[in-house]
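Working notes, beginning with the structure itself.
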Number of protein chains: 2
Amino acid sequence: MGAAAERAEEENEEWAGVTPDAARRLVGAAVEAFAERGYHATTTRDIAGRAGMSPAALYIHYKTKEELLYRISGIGHEKALRIMGAAAEAGGSATERLRDAVRTFARWHAEHHTTARVIQYELQALSPEHYTEITGLRRKTDRLLRQIIQDGADSGEFRADDVPGTTLAVLSLCVDVARWFTADGPRTPDEVGTLYADLVLRMVGAPDRG
Amino acid sequence: MGAAAERAEEENEEWAGVTPDAARRLVGAAVEAFAERGYHATTTRDIAGRAGMSPAALYIHYKTKEELLYRISGIGHEKALRIMGAAAEAGGSATERLRDAVRTFARWHAEHHTTARVIQYELQALSPEHYTEITGLRRKTDRLLRQIIQDGADSGEFRADDVPGTTLAVLSLCVDVARWFTADGPRTPDEVGTLYADLVLRMVGAPDRG
DNA sequence: CGCGCCGCTGAGCAAGCGCTTAGGGTCCGG
DNA sequence: CCGGACCCTAAGCGCTTGCTCAGCGGCGCG
C-alpha cells in the first residue's frame, strides 16, 4: 500500500464499519461528546441530540451507554494495533521500523485526537469484562513496539539499557498526544509524527541517519 | 536544601497547609476518589464516607464539590511549579539543570500519582474561571522548562531544532507518568526519575556525560 | 450547673440521570 | 386496500445526584 492509499484509508470515514446509518451517527456523536466532556459527564440525551434523534432512539441501537464506549474503544484500539502492526511487519532495520512506528502512531493520535482521547483516557468507565478485553488489545500493541526496540538493542543499533522502560516511555509519549493536540494548534499531525519520530530515535541512541 | 531534607519535605503530609483537620481529611478523601474513578463519577457521599463523615459535613468546609477540585488543583500545580522552579534556578550547565528538572518532576508525578492524576487529567471539570487560573500556573511551569532547553540549544549543549516542540514532548512524558504509574509496579519513583532523565538527555542530544 | 458556640448529623428536596414503554408514521409485498 | 416489519418519538418511571436545613451534642467558660 502506497503512502497515498495509506493516508486515504486513514482519512476515510472512521466509523464506516458501523451500520445502519443511525448507529454510525450515534458513535460519531458519542465520540465527540466523550472527548469533550468525558464519559461520565456526558448524558445520553446529549449524545442523541448531537445525532439528531430523541433520547430513546439510542436504545434501539445500543443496549446501554457503556456499550457505545465499548464499541468505540474496540474499533479505536484495533485501528491503533493495525497501525503498529504495519510498522512492525514492514521490512528494514530496527531504526527504520521504529521511525515508521512512532511517526504513524503519533500522527494517528493527533489526526484522530477525539477518538484517541476517548479510547486512551476513558477506559476505566468500561465494565470489568470489557476493560480486560480492551487492555488485551493494548498489550498486543505494547508487545509489537517492545519487539522493535528489543531488535534494535540486540543488533547494537540502539543503546537501550532498559527495554521495557523505554517502550513504556515511547508509548506514553505517543498516547499523550491525544491529550494536548488540538486542530487549531501550530502543528499538523504530520509534523507531530516526524518530530516525535526524530525525538524517539535520539532517545534510543540510534545513529543520526540510519 | 540537601537531598534528605528535600525528600523529607516531599514526603511530609502533602496537605499540611489545609486546616482544620476535617477539611484536610476531606481533601485527602477527595483526591483518592477523584484519582480512582474520576471527578464526575465520584459522589459527595463517597468523599464524605471516606473521610468518615456524613455527606452534609462536606458543605461546612467547602461550598461545592468543584471547590474541592479547585483547591486540590491549586495546591498540586503550585507544588509542581516549585519543583520545576527549584531545578531551573539551581546553578550548573543546562544539561545538569535539565537532568534535575526531569528527574524531580517525573519522580513527583510517580510518588504522588494520585494527586498528579487529578490535577493533570480532571482540569476540564473546573469552572471556566478556575480553569484559566490553573492553566496559568501550568504555563509558568512550561516556560521554566522551555528556558532550560533554550539555554542548552543556545550554548550548543543540546541539538534541539524545535525548542517548543521538544519542551512539549518532555513535559508530556513526565505528566503522563501519573496515568500509568502504580505503587505495585516494578519501578520505584526514584527509578522512574533517573530513567526519564537519561532518556530526555539523549532526546535533546546532550553529551553522554555532561 | 447553665449558656452559647460550633462542628456535625438525619432527613429530605428539586433536578437530572439512564433507561423503558406504548404507540405512531412509513414503507413494502400481496 | 391490508398487515406487519422497522425506526422512531413522547412521556415518564425509579433512582441518584449535589446540596440544604433544622436541630443535636459536647466543649469551654463563668
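The sequence lines fix the lettering, A, B, ..., with proteins before strands; numbering per chain opens at 1.
Take A:F34 and apply the ring pair (Phe, Tyr, Trp, His ring centres under 6.0 Å) test, not counting sequence neighbours, and it matches A:Y39. Under the rule for a side-chain hydrogen bond (donor to acceptor under 3.5 Å, both in side chains), B:H61 has no partner lying at least two apart in sequence or in another chain. Legend: residues meeting ring pair (Phe, Tyr, Trp, His ring centres under 6.0 Å) with A:H113, ordered by chain and number and at least two apart, are A:F181.
Here C:dC8 presents its C1' atom at 11 Å from CZ of B:R25, a figure rounded to the nearest Å. The OH atom of A:Y62 sits 16 Å away from the P atom of C:dT20 (whole-angstrom rounding).
A salt bridge is defined here as a Lys NZ or Arg NE, NH1 or NH2 lying under 4.0 Å from an Asp or Glu carboxylate O, and B:R138 with B:D142 fails to meet this definition. The pair A:D198-A:R202 fails the salt-bridge criterion, with no side-chain N (NZ, NE, NH1 or NH2) lying under 4.0 Å from an Asp/Glu carboxylate O. Note on B:D100 versus B:R97: no salt bridge recorded, every NZ/NE/NH1/NH2 to OD/OE distance being 4.0 Å or above. Residues A:D21 and A:R24 are paired through a salt bridge, judged by an N-O separation under 4.0 Å between the basic side chain and the carboxylate. Taking the charged nitrogens against the carboxylate oxygens, A:E67 and A:R71 do have a contact shorter than 4.0 Å, which makes a salt bridge. We find that A:R37 and A:D46 are joined by a salt bridge, their nearest charged nitrogen and carboxylate oxygen being less than 4.0 Å apart.
Looking at B:L81 and B:L144, their side chains come closer than 4.5 Å, going by heavy atoms from C-beta outward.
Note that the first and last nucleotides of DNA chain D, 5' to 3', having any atom under 4.0 angstrom from a heavy atom of chain A are D:dC8 to D:dG12.
Near DNA chain C, meaning a heavy atom under 4.0 Å from it, residues 53-61 of chain A has A:A56, A:Y59 in order of number. Contacts between residues 36-47 of chain B and DNA chain C, defined by a heavy-atom separation under 4.0 Å, are made by B:R45.
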